[in-house]
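These numbers were taken from a predicted model, which means no experiment stands behind them. In what follows, every chain begins at residue 1, and chains take the letters A, B, ... in the order their sequences are listed.
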There are 2 protein chains.
Amino acid sequence: MRILVVEDDVKIAADIAATLEAAGYVVDRETDGEEAWFRGDTEDYAAVVLDLGLPGMDGLAVLKRWRAEGRRLPVLVLSARGTWSERVEGIDAGADDYLPKPFHMDELLARLRAVIRRSAGHAAPALAAGPVRIDPRQMRVTVDGVPRALSPQEYRLLAYLMLHAGRVVPQQELAEHLQGAHDERESNAVEVLVGRVRRKLGADIIETRRGFGYLVAADAS
Amino acid sequence: MRILVVEDDVKIAADIAATLEAAGYVVDRETDGEEAWFRGDTEDYAAVVLDLGLPGMDGLAVLKRWRAEGRRLPVLVLSARGTWSERVEGIDAGADDYLPKPFHMDELLARLRAVIRRSAGHAAPALAAGPVRIDPRQMRVTVDGVPRALSPQEYRLLAYLMLHAGRVVPQQELAEHLQGAHDERESNAVEVLVGRVRRKLGADIIETRRGFGYLVAADAS
DNA sequence: CTTTCGGCGATGCTGCCGCGATGCGCCGCA
DNA sequence: TGCGGCGCATCGCGGCAGCATCGCCGAAAG
């Protein structure tokens, strides 16, 4: 398993590389954005660990360029400033997961494994839960094979819930994911959005856990 | 949610405490490093806000001592000297996040929430005692495999008792854990809650120790 | 301009949770 | 041995938080 680590801070890069190598991966290191893009484009990696603050070309730009070309290799984004808006930006740019600094190496390993496994399981990373299927590349949603039109926000809500299928997601986490700023409970935006998705896809897709959050059941298979 | 604030500057500590309490947390304050270590070691906090410059025992030493003992509670480190080397030092010592002074209270709140959520999602193993199982991801409780619906408070009560299975938990400790506002015994909230959990899960799950507290038996295996 | 989207306030409903009242069992005490 | 105090169980009720739904409107996109 080859992993590309893109990180300009030498000390952090060395730490990550040591950890990954101890876990049995083969690690290539890169510090410059442009160079990183080239290597990710021409060589074959099981995954990329990508820092956002880079010389040459910004990490987000590298990621977007890969995605624009159709490169679908798993990318785990690191960022020093773990604000939610940045996280949304990273995910929107096509990151498979996001890890805010500081992090524990154990967590990096766990998430990296998850990302690789996910990409290995289905080459086309389509999410499915019950009768609902999501094709993230086309941004299309089908229920029992019948396509349904969702607005961008509705799509993001559903995708986030299905990405975390089997887990109760607090409404505050949803609110932060959809629009980073607003923390205080001053609107019912999430509830309205859930209602709209339910009307379009069916009421039984998203389950309400009063006082906890919302839940999309994971496939029993 | 109980938070331990370790900060020797009285004014700053008061500010932080006021902010956290306004956000709904229950705050314990500590100024001495040695004392802070003891409280963090013996009591149950959702997170710790830890200043580095302390009398008695240095903040980093406190943190390292917790980690050396295997205490995994989330720690948010504050420091007046926001140098990068110090930050690395704090992270290496096992801090979950680092916040250089001066900071905005909003940012403290945001990071604290992130730290708590991360620890809740990651470090929550599935609990089991007798026929009762708790799935923290789905916030769901099953008895002999049959799911039972619990309200948030009921869930927290049961989770706390099962986390401390095999130990008699005083009801005052339960009351403080559920919501520390009410100091002295002026209500029977805990007793009512225990009764409701019993009615939903079975009377023999939670045992009463008159005059001492409540007990969930640990698995004999 | 038309249309869609997303946010907001209003309203109603369900069920959570706190509280007082009452009852029961255990203990100490005269 | 009867009595009263204490700790806990149980019940019912009311306030209100949490959520669903509706309708409106400004903004942005086509």
Candidates D:dA20, C:dC19, C:dG6 - which lies nearest the side chain of A:Gln153: C:dG6
Proximal nucleotide (of D:dA20, D:dC22, C:dG18) relative to the B:Ala189 side chain: C:dG18
Test side chain to side chain contact (heavy atoms under 4.5 Å, CB included) applied to A:Ala217 - qualifying residues, sequence neighbours left out: none
Phosphate OP1/OP2 of C:dG15: any B:Ser151 side-chain N/O under 4.0 Å: no
side-chain N/O A:Thr208 vs D:dG18 OP1/OP2, d < 4.0 Å: no
Atom pair distance, as rounded to whole Å: CD in B:Glu207 and P in D:dG7: 20 Å
base_contact_polar (C:dG6 base, A:Arg156 side chain, donor-acceptor, <3.5 Å): no
Any pair counted as salt bridge (charged side-chain N to carboxylate O under 4.0 Å, His left out), so long as it reaches residues 161-175 of chain B, sequence neighbours left out: B:Arg167-B:Glu173
Separation of C:dT4 C1' from A:Lys200 NZ (nearest whole Å): 9 Å
Separation of D:dC19 C1' from A:Leu193 CG (nearest whole Å): 14 Å
Sugar-phosphate, base or nothing in reach of A:Tyr214, heavy atoms under 4.0 Å: sugar-phosphate
Nearest heavy-atom neighbours spanning B:Leu4 and B:Ala36: CD2-O, 4.0 Å
Sugar-phosphate, base or nothing in reach of B:Arg196, heavy atoms under 4.0 Å: base
Atom pair distance, as rounded to whole Å: CG in B:Leu157 and P in C:dC17: 11 Å
Test side chain to side chain contact (heavy atoms under 4.5 Å, CB included) applied to A:Ala47 - qualifying residues, sequence neighbours left out: A:Ile3, A:Pro74, A:Leu112, A:Ile116
d(CD1, A:Ile206; P, D:dT21) in whole Å: 11 Å
Taking N or O atoms only and anything under 3.5 Å, show me the protein contacts with nucleotides 21-26 of chain C, one pair per line.
residue: C:dA21; atom: N6; partner: B:Asn188; partner atom: ND2; Å: 3.4

Separation of atom CZ in A:Arg199 from atom P in D:dC19, rounded to whole Å: 19 Å
Matching residue for A:His164 among A:Leu174, A:Val169, A:Val216 - test: side-chain contact (heavy atoms from CB on, under 4.5 Å): A:Val169
Sugar-phosphate only, base, or nothing, as touched by B:Val194 at under 4.0 Å among non-hydrogen atoms: nothing
Side-chain N,O (A:Ser187) to OP1/OP2 (C:dG7) below 4.0 Å: no
With sequence neighbours excluded, residues passing ring-ring contact (aromatic ring centres under 6.0 Å, His included) with B:Tyr214: none
Separation of D:dG18 P from A:Leu174 CG (nearest whole Å): 16 Å
Between P of D:dG18 and CD of A:Gln171, the distance in whole Å: 8 Å
Residues forming a side chain to side chain contact (heavy atoms under 4.5 Å, CB included) with B:Val168, sequence neighbours excluded: B:Arg209, B:Phe212, B:Leu215
